[in-house]
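Contents: one structure, followed by commentary.
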Amino acid sequence: MQPQDERHYERIYQVISQVPKGKVATYGDVATIVGDGCEAATVGQALGALGPRSVQVPWQRVIGRRGDKGRVTTSGLHQRDKLEAEGVEFDDRGLVDLGKFRWTGPSEDWARSHGFQMLPKEEGAPAVPDSQLRLF
DNA sequence: CACCTGACTCTAT
DNA sequence: AATAGAGCCAGGT
C-alpha cells in the first residue's frame with residue numbers, strides 16, 4: 001500500500017517516535033494525542049503501513065489495551081522480545097502493567113511546539129478541556 | 001458507491 | 001475466562 005493522502009499517518013509516526021525506550025503506549029493513547037478524530041484502529045492501520053520506515057519508528061512500543069493492562073497484538077514480529085530487551089516486563093499471562101510501563105505522554109514543550117495535545121492525566125481527570133478531546 | 005478488512009477497544013454474554 | 005458484537009476510521013477492491 002502506498003497512501004498518498006494519509007491525513008493522520010505522519011502525525012501518528014511523530015507521536016510514536018516520542019515514546020522512550022522502556023515505555024509503551026496503547027493504540028488508543030497515540031490516537032488521543034494525535035487528536036483530530038484519530039482513533040485506535042487508525043493507529044493500527046498506520047503501523048501496518050509503516051514498511052521501510054519501521055527502522056526509524058519504534059513501533060514495538062505501541063501495544064493493545066486490555067483494561068489496565070497492555071498486550072502485544074502482533075504476531076511474527078517478535079514485538080514482545082524487542083520490548084523485553086528494552087526492559088518492559090510481561091506477567092505470566094503476557095500482559096504489561098500499564099501503571100508501571102505506560103508512557104505518560106509527550107513533554108509539554110514538544111506537544112506545544114508540534115501542535116499535539118497531552119495525554120489526559122489519569123482515569124477521571126482529563127488534562128485538557130472536553131472541547132479539545134474527541135473521545136466519543 | 002457498496003462492501004470488506006484490520007497491528008483497536010469496550011460491553012455484554 | 002473465552003467469545004461475540006458493536007462502534008469507528010481509513011484503505012483497498
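A note on names: the letters A, B, ... follow the listed sequences, proteins ahead of strands, and every chain is numbered from 1.
In this structure, A:L95 atom CG and C:dA1 atom P are separated by 10 Å, rounded to whole Å. We find that CZ of A:R71 is positioned 12 Å from C1' of C:dA2, with the value rounded to whole Å.
In summary, of the residues considered (A:L98, A:V62, A:V96), a side-chain contact (heavy atoms from CB on, under 4.5 Å) with A:T26 occurs for A:L98 alone.
Regarding contacts with the backbone of C:dA10, a side-chain N or O of A:H8 is found under 4.0 angstrom from either OP1 or OP2.
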message: Checking A:D29 against A:T32 for the side-chain contact (heavy atoms from CB on, under 4.5 Å) test, could you report, in this order, the C-alpha distance in whole Å, the side-chain angles of both residues, the deciding distance, and whether it holds?
response: CA-CA 5 Å; A:D29 286 344; A:T32 297; 5.5 Å; no
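Geometrically, A:R53 does not engage A:Y13 in a cation-pi contact, judged by NZ or CZ lying under 6.0 Å from the ring centre and within 45° of the ring axis.
The footprint of chain A on DNA chain B, defined by a heavy-atom cutoff below 4.0 Å, extends from B:dG6 to B:dC10.
Put simply, A:L83 and A:W103 are part of two different groups of oily side chains (I, L, V, M, F, W, Y) that touch within less than 4.5 Å, one to the next.
Rounded to a whole angstrom, the distance from the P atom of C:dG7 to that of B:dA7 is 22 Å. Only the C1' atoms considered, B:dC1 is 12 Å distant from C:dT13, to the nearest whole Å.
Applying a 4.0 Å cut-off to non-hydrogen atoms, the residues of residues 11-28 of chain A that approach DNA chain B are A:T26, A:Y27, A:G28, listed by residue number.
A distance of 11.0 Å separates CZ in A:R66 from NZ in A:K69, rounded to the nearest 0.5 Å.
A salt bridge is absent between A:E86 and A:K23; no separation between the charged side-chain nitrogens and carboxylate oxygens falls under 4.0 Å.
Few gaps surround CZ on A:R80; more than 12 heavy atoms of other groups in view lie less than 6.0 Å from it.
Positionally, the nearest nucleotide of DNA chain B for A:L47 lies more toward the 5' end than for the other of A:G67 and A:L47. Checking A:T42 against A:R66, the closest nucleotide of DNA chain B that is more toward the 5' end is the one next to A:T42.
In this pair, A:W110 and A:H114 present their aromatic rings parallel. The plane angle is below 30°, not in the 30 to 60° band.
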